[in-house]
Amino acid sequence: MNHWRDLSCGEFGPGRVGDTVSVAGWVARRRDHGGLIFIDLRDHTGIVQLVVNPDRARNAAETAHDIRSEFVVHARGEVVRRAPGAVNPNIPTGEVEIQVDQLEIVARSEPLPFQLDDEGVEEPTRLRYRYLDLRRDRMQRNLRLSATAIAAIRNSMEEQGFIDVWTPSMTLGTPEGARDFLVPVRLQPGKFFALAQSPQLFKQTFMIGGLDRYYQIATCWRDEDLRADRQFEFRQLDLELAFPTREEVLEVLEQVVVASFEALGRTAPPRPFPRMSYGDAMLRYGSDKPDVRFGLEIQEATDVTRGSEFGVFAGAETVRYIVAPQTFSRGELQKLEEFAKEWGAKGLAYIVFDESGEVRSPIAKFLSDEEVEAFLTPPGSTLLFVADSTPMVERVLGALRLHLGQELELIDETRDEHLWILDFPLFLEDEATGRWTFVHHPFTSPVEGHEDLIDTDPGAALSQHYDLIWNGWELGSGSIRIHRQEIQERIFRAMGMTDEEANAKFGWFLEALRMGAPPHGGFALGIERFVALLAGESNIREVIAFPKTASGSDPLTGAPAPTTKERLDELGISLKTPKA
RNA sequence: GGGGACGUAGCUCAGCGGCUGAGAGCACUCGCUUGUCAGGCGAGCACGCGCCGGUUCGAGUCCGGUCGUCCUUACCA
């Protein structure tokens, strides 16, 4: 170490008794007994108690009198064993303390705007003074955990033969997908770069360039509303490999996840991770990112209700239901119906089977014997039905299932469930426009043999896309890509894009596909989501040093901010509503 | 853009259906205290109801708007 410190605060123990040492850190707390003064000295490793005794060091005692919370101090003294009655079992260094000989104030501190041991401080305050928040255990732990995980990810990628290559952040914008952040160019006024939403086309170009296995922890920018799991800028473990099978890509990711768990000293999830088809996920969970830590699976009833006396059932494209493992009062059922309506349902039919075996249901009188028999469940349960178009049924019951899972505390928080979702459709029909839009991105390869469906029956074509889900969070997604130019062009056409448009947007890439593109595929894993889950946080802002708020600003720096007229003139930009 | 919640002291919050000194805990300041570790005891400081407007004899409280924060939804290929 150096003259400031021989040991970090958390490193003191009985083995150091008798040593004369230097220590430095922040004053977590000072307890002044008039004579004796105790100082809890803190750094990133922990806390050690300094004892300043005027009988031993008069100058140090005078200095200690001036010391306040969060001063940075440097002390020199002797490590001594505490008297048996004075041991503090609450801190790892509690068996020893430092009898101070010299004490120096290195930096003073104003009283802090919030107390570091106050767990209840609101997020805006924490972000406004993030440097103070960072001193606290939670952020120290999360950022260190993040660093450990990222190191493990890099190691794993290197071991698996991937090379780290950088791609530009400033690139060509695309009208599809999320909104781009635009970057004006002083040298070419009126033109804009877009900040990369991901290195997607660049990494495919690496494969055409013969790099074979590429990875990068890439920063990505998307101008979309911020959420608990979304920021304007975030990082992806971005990777791509040539001549892969789907299994190989999944294998690479599973290795990365396992390596991260092991680096953190955790029991790794068993491999291979379970798989589920997209169709299955939507049917059973009403979601393409199902949380499978609890049951409450959605049941299909459409066949049974086809000719139902109950008009709502008979007339609906799809009827499905959830069996909740308890009964509900009328009021509770009404609330559940309101919840379903908020998600777009026209109503929520129910059948309550009381503990006594009695049936409460406004629709029971319409149901045939076959229906009643099909829906029969043990006493003390409730069936909740949604009848509507298939996407609406999936949507509403998926939301209701999650809602009930939380409300009824059915989710086993101690479990970790990793899951692959496979066999996505290539296209989904956009409900608003009726046009076919790609589910993932337009570079995803159809399943072999489904190429012709692109033109004949787009809705039936499956893609070689896959998502990695952890406890209901989408960690990332990937696919086997299209490496044949003519297939790529057919996809663009199916989306209603003319050849001219496709060329204008992706011409350089279509050209590259004509010059020897190997089969390739890859994946992108959301780093912050992954780390947040590893850290047990439900919000990625807790694992980001300087996150932005939901409104897209940074309370610490005050960004974003207006700029000057001069800067705008230089860039050839005029504002509709000029600001000072 | 839609829905919900919140905004009172540095922090976290209480505050009646409208009434004559706007509060608590912690923090902070001062004093006393030589074995505390959420130190103890005593004294003190806080002038603040996000902002604008309205209703009223009277508004932290009611109404409208606005700003900010969080959650959620559309959105996030």
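As the structure is a prediction and not an experimental result, all values here were calculated from the model. Proteins come first, then strands; the chains are lettered A, B, ... in the order of their sequence lines, and each starts at number 1. All values below were derived from every heavy atom in this structure, side-chain atoms included, with hydrogens, water molecules and symmetry-related copies excluded.
Nearest nucleotide to the P113(A) side chain, out of C71(B), G1(B), G10(B): G10(B). Closest to the side chain of A178(A), from the set C28(B), C76(B), C13(B), is C76(B).
R128(A) has no side-chain polar atom (N or O) that falls below the 4.0 Å cut-off from OP1 or OP2 of C11(B). The side chain of T125(A) places no N or O atom within less than 4.0 Å of a non-bridging phosphate oxygen (OP1 or OP2) of G10(B). At the phosphate of U12(B), neither OP1 nor OP2 sits under 4.0 Å from any side-chain N or O atom of R126(A).
If you check distances only, the side chain of D225(A) does reach the base of A74(B) with a donor-acceptor pair under 3.5 Å. Remark: the R230(A) side chain and the C75(B) base include a donor-acceptor N/O pair separated by less than 3.5 Å.
At a threshold of 4.0 angstrom between heavy atoms, the contacts of R395(A) are confined to the sugar-phosphate backbone, with no base atom among them.
Salt bridge status for E474(A) with K289(A): absent, with no side-chain N to carboxylate O gap under 4.0 Å. Classification of R293(A) and E413(A) as a salt-bridged pair holds, one side-chain N sitting under 4.0 Å from a carboxylate O. K505(A) has no carboxylate O lying under 4.0 Å from a charged side-chain N of E500(A), or vice versa, which leaves the two without a salt bridge.
The distance between the ring centers of F424(A) and Y278(A) falls below 6.0 angstrom. If you look at F523(A) and W420(A), their ring centroids are closer than 6.0 Å. Under the 6.0 Å cut-off for aromatic ring centres, F492(A) and F506(A) qualify, their centroids lying closer than that.
Between the P atom of U29(B) and the CG atom of D66(A) lies a distance of 11 Å, rounded to the nearest Å. Atom pair Y129(A):OH and U12(B):C1' shows a separation of 15 Å (rounding to whole Å applied). Summarising the geometry, the separation between CD on E338(A) and P on G3(B) is reported as 16 Å, rounded to the nearest angstrom. Between the CD atom of Q115(A) and the P atom of C13(B) there is a distance of 14 Å, rounded to whole Å. As rounded to whole Å, 22 Å separates atom P of C76(B) from atom NZ of K548(A). In this structure, E224(A) places its CD atom 12 Å from P of A74(B), rounding to the nearest Å.
Base pairing analysis places G39(B) opposite U33(B); the two distances defining the Watson-Crick or G-U wobble pair are each below 3.5 Å. Nucleotide U66(B) forms a pair with G50(B), judged by Watson-Crick or G-U wobble geometry with both contacts under 3.5 Å.
U29(B) and C45(B) have their C1' atoms separated by 7 Å, given to the nearest Å. Nucleotides U34(B) and G40(B) are separated by 13 Å at their C1' atoms, to the nearest Å. Taking atom C1' in both G15(B) and A59(B), one finds a spacing of 14 Å when rounded to whole Å.
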Footprint string (nucleotides 33-47 of chain B, 5' to 3'): B base within contact, S backbone only, - free, heavy atoms under 4.0 Å: BBBBBSB--------
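A cation-pi geometry, defined here as NZ or CZ lying under 6.0 Å from the six-membered ring centre and within 45° of its normal, does not hold between R29(A) and F38(A).
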